[in-house]
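Here is the structure we will look at, set down as structure tokens.
For reference, positions follow the sequence shown, starting with 1. Being a predicted model, the structure only gives us computed values, none of them experimental.
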Amino acid sequence: MHARLRFDDLIVVLPGIGGSTLHRGGAPVWKPPLALGGALRPFGHALEQLAGDHRLLDDPGYEDGIVASGLIGAPVTIPGLTKLNQYRRLRSRLLGCFDLVQGDSNVDGRPANYFEFPYDWRRDNRVSAERLKALVDRELPKWEAALPYGRPRTVLLGHSMGGLVAKYYLDVLGGWEHCRTLITFGTPFRGSLAALDVLAGGVRALGTTLDTVSAVVGEFTSVHQLLPRYPVLVDRRPGARPDAGARHVHASPVPLGALDLGRAKAAYRDFHRPMDGKGTGPVSVVPVVGYGHPTLQTAVLDRKGLLITEEPAALDESQQWLGTGDRTVPAVSAIPVELSGTATWAWENATHSTIHATDAVLDRLVRTLALPGSGLRNLQGPDADVPGTAFSAGPDPLALALHVDDVYAADQPVVLTCRSPETATEGEPPVLSLSPPGGAARTVFDADDGTARWTVTGLTPGTYEVTVTVGSRSVTDVFEVW
């Protein structure tokens, strides 16, 4: 039994959209497994209870009885938008390796230096950032007074949209004065095509557009703040200039389905732009960037309407190597704007749902936080360039590319694929495992392109974690069976 390491700074963990459990009057409203799947079943009304007018939800003083109470303890899915694995692995690793005092972000209690920050992810991320500021302003002085020496600072760990909340706090609300480190896992600093797909085309599952669900999600300003903030819209309609280049979403020349272009522009102008050029002072910002998986990259306007594709057509020739991602966030988006000209990030062949909980990332995170002064060079990985060098460090080309749909019907087979150049060249058989175990799997392997396909039958409704292992490499994702 090893002794836990002393840790003087204050850690705050911020989950992604859908990653906070929500309660009303002590009763769960959003808490796996009572989440989106429950809302679509006759006995569940989870998502309907989250409905609200964005003009009310975005008012910091508005209360509708819903309280963010904790971080999810099981995987959850919002089809087409995001999948999140639970946060217990991250919590367990940090508390097991460091001598941390746990606190409750909703309670003004004894001095503590480990907090999980659940927030109402329906609301404007600026509202959540103000709540984060209030938490740090309340807790950091108490922790500093309890220490016999030194001046502690904050270490912010943000998964997915949680990293945006943290970044706004640092850049706009002055949080950089109290922060040492921001580490993000799959944070869409430049937005996600998945958000555009959901807002323009609706939430879709099992071949059906879920109109009620789409209307509810469409009210959330947070989802609008996940729209791509860089040019991704390519016009290929008859008569369009072929050399015009890509446009910003909010500058579309035509309506984009049900997307409110005015709200899209406001998200860019009022949320993203204020963070530009502000800088984070002495704060070290290190994004962990997912790569290797097919990820939506470009929105194409053609004679049929809007098509969102995995082809990186919106990237110029020098950026094509970034045409990958974690299945939800493109790799280029997971890099903060101010780090565009440097290589101070870490690559991870992980899916968006689990990038914060892989063994490799957790191992590097612990080693990084254990360094005196929370130095960050160790997190970059062996292939990263030193800070300040050209934008050239790339991911390992031997990556596993896992494809798992968000939702499957209980009476239909679950089809999963994983491609690996390493498998094609070295002949190592891929291995699939499910948690919880269940069903019967049949494997079909295509030796020509290194793709393995599994057909799993007999799964009962629920949430599953799937892991594919090839040699020493593995990748994990989650899916739901309804």
Side-chain angles (χ1 to χ4, degrees), residues 11-21 31-33 35 70-78 82-98 100 102 114-118 121 155-163 166 181-188 286-293 295 325-329 331 334 345-370 378-379 381 399-400 402 404 406 418 432-436 462-469 472-480:
I11 294 177
V12 182
V13 177
L14 300 94
I17 186 170
S20 302
T21 58
K31 183 179 181 179
L71 274 53
I72 58 170
V76 68
T77 299
I78 302 178
T82 189
K83 294 187 287 187
L84 299 178
N85 213 335
Q86 43 78 22
Y87 293 92
R88 288 178 294 187
R89 292 175 187 164
L90 176 60
R91 177 192 305 130
S92 177
R93 186 65 66 90
L94 291 173
L95 296 180
C97 293
F98 298 102
L100 300 171
Q102 295 187 68
Y114 175 81
F115 290 89
E116 295 173 350
F117 180 71
W121 40 268
V155 173
L156 305 178
L157 307 178
H159 178 218
S160 192
M161 193 173 76
T181 300
L182 168 64
I183 300 174
T184 60
F185 311 94
T187 289
V286 175
V288 179
V289 182
Y291 76 94
H293 306 279
T295 305
D326 62 17
R327 277 200 56 76
T328 298
V329 177
W345 55 81
W347 294 97
E348 184 67 21
N349 180 208
T351 60
H352 188 74
S353 67
T354 313
I355 191 170
H356 63 291
T358 69
D359 288 338
V361 164
L362 293 177
D363 288 344
R364 284 186 290 171
L365 177 63
V366 168
R367 292 198 303 270
T368 297
L369 297 182
N378 193 47
L379 192 67
L400 303 181
L402 179 62
V404 183
D406 297 342
C418 186
L432 177 141
S433 61
L434 290 177
S435 178
T463 303
Y464 293 86
E465 183 181 88
V466 56
T467 299
V468 174
T469 302
S472 61
R473 301 169 183 266
S474 66
V475 63
T476 299
D477 206 346
V478 297
F479 66 90
E480 290 190 17

Side chain to side chain, [X] and [Y], heavy atoms closer than 4.5 Å:
| X | Y | answer |
| --- | --- | --- |
| L94 | L157 | yes |
| E348 | F185 | no |
| Y464 | P436 | yes |
| T368 | V286 | no |
| L71 | L90 | no |

How far apart are the closest heavy atoms of [X] and [Y], and which atoms are they?
| X | Y | result |
| --- | --- | --- |
| A331 | G290 | CB-O, 3.9 Å |
| C418 | L400 | SG-CB, 4.0 Å |
| A334 | P287 | O-CB, 3.3 Å |
| R364 | A346 | NH1-CB, 3.8 Å |
| A399 | G292 | CB-CA, 4.1 Å |

Expected output: side-chain [X] to main-chain [Y] donor-acceptor under 3.5 Å:
| X | Y | value |
| --- | --- | --- |
| W347 | Y291 | no |
| H356 | Q86 | yes |
| K83 | V478 | yes |
| T469 | S474 | no |

From [atom1] ([X]) to [atom2] ([Y]), nearest 0.5 Å:
| X | Y | atom1 | atom2 | result |
| --- | --- | --- | --- | --- |
| T351 | R327 | OG1 | CZ | 9.0 Å |
| W121 | L14 | CH2 | CG | 16.0 Å |
| I72 | S20 | CD1 | OG | 8.5 Å |
| T187 | L182 | OG1 | CG | 7.5 Å |
| L100 | I11 | CG | CD1 | 5.0 Å |

Tell me which one of D326, T476, N85 satisfies side chain to side chain donor-acceptor pair (under 3.5 Å) with T354.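 Only match with T354 under side chain to side chain donor-acceptor pair (under 3.5 Å): N85.
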Does a side-chain N-to-carboxylate-O contact under 4.0 Å join R89 and E465?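 Looking at E465 together with R89, the answer is yes, because their closest N to O distance falls below 4.0 Å.
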Do D363 and R93 sit within salt-bridge range, that is, some charged N less than 4.0 Å from a carboxylate O?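 R93 and D363: salt-bridged.
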Tell me which one of T82, D406, T463, L84 satisfies side chain to side chain contact (heavy atoms under 4.5 Å, CB included) with T77.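 Per the side chain to side chain contact (heavy atoms under 4.5 Å, CB included) rule, the option paired with T77 is D406, out of T82, D406, T463, L84.
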Between N349 and H293, is any side-chain donor less than 3.5 angstrom from a side-chain acceptor? yes
Mutual orientation of the aromatic rings belonging to H159 and Y87 [parallel < 30°, tilted 30-60°, perpendicular > 60°]: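 Because their plane-to-plane angle is over 60°, the rings of H159 and Y87 count as perpendicular.
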